[in-house]
J.: 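Have a look at this one.
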Amino acid sequence: MENYVNITDLDNLQDTVQEAIELKKEELQYKTLGEGKTICLLFFNNSLRTRLSTQKAAQNLGMHTVVMSFGSEGWQLEFEDGVVMNENKSEHIKEAAKVIAQYCDIVAIRAFALLTDKEKDEAEKVINSFKKYAKIPVVNMESATGHPLQALADAITIEEYKTEKKPKVVLSWAPHPKVLPHAVANSFVEMMQLQEADFVITHPEGYELNPEITKNSKIEYNQEKAFENADFIYVKNWSSYKDYGKVIKKDTDWMITAAKMKLTNNGKFMHCLPVRRNVVVADEVLDSENSIVIQQANNRTYAAQIVLKKILDKI
Ligand code: CP
């Protein structure tokens, strides 16, 4: 694999999930594969899980890691061509990407959506500029429109916990006080479309995700109806896509409660974290035995590790 920017960059999701599960049984089995190789992790936004799990994954493969909080420590980058750079942008991506590529063999990038201009976000300027100018493998650690490392960890987690060949999996919107991007939900939908599952998306009207991503996935506007007999409830907030970047509903009635979880088939509760307690989900659910959010976060390491292994196999 050359780059990992979308979940569809994997040749075969099911095989990759099985390989990750095998890797998890003995995580140091490829500990010399990355010897002499360096990965740069560039963060334009905050992180806990992505930063630590990707670093650990690289370390398990014998790689060196260089981590930079680019958003707070780096020069402000210009991404447009032909600009007179006489304002606050100090360095052009052309130089920055080429310089970074000299220091490492793989570059991993986190750069969230700004949620002010749909076209600009969908152009994925940061990731695509690194691909264009760095000319080394690029890993998406959450971009404007996708979080494929999270989606792969979610697929591993569902595989580990499913008790049916074709489980019912529900992606539910939940309230949040802040304006959040669509990346996690988009990648989860894309991943579920590659799975054998009864997949349902539930959200209030007005929160439809990009129809080019949801395609023919089932949408149920009644959250409680969607939860009936579900084996997995995957919860995430996102802002409006149609009324781009707007919060159009602040009511707490979509929060995940124990009463709603009772409608499921003893369903597992999933969330990518970080999660706001008693806003997105009630304590009683997050603290219950059916919550698998910690195990899900653990799988971030093996998702990153199998992705880095596949890239290292090719360089
Ligand atoms: N789920 C996830 O990406 O977590 P972080 O934002 O903490 O990296």
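Both ligands and their constituent atoms are indexed starting at 1 by order of listing. Worth knowing before you read on, the calculation uses all heavy atoms, side chains too, and leaves out hydrogens, waters and symmetry mates.
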J.: Ligand 1: which residues have a non-hydrogen atom closer than 4.0 Å?
T.: Ser47, Leu48, Arg49, Thr50, Arg110, His147, Gln150, Cys272, Leu273, Arg300

J.: With a 4.5 Å heavy-atom cut-off, do Asn45 and Glu142 have their side chains touching?
T.: no

J.: Should Lys260 and Glu224 count as an ion pair when the cut-off is N to O under 4.0 Å?
T.: no

J.: Taking side chain as C-beta onward, heavy atoms only, is Ser239 less than 4.5 Å from Leu180?
T.: no

J.: Does the side chain of Glu124 come under 3.5 Å of the side chain of Thr145 through a donor N or O and an acceptor N or O?
T.: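 Yes - a donor-acceptor pair under 3.5 Å links their side chains.
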
J.: Ignoring hydrogens and angles, state whether a donor on the side chain of Asn290 or Asn266 is under 3.5 Å from an acceptor on the partner side chain.
T.: yes

J.: Is there a donor in the side chain of Lys118 and an acceptor in the side chain of Asn210, or the other way round, less than 3.5 Å apart?
T.: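 No, no side-chain donor-acceptor contact under 3.5 Å.
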
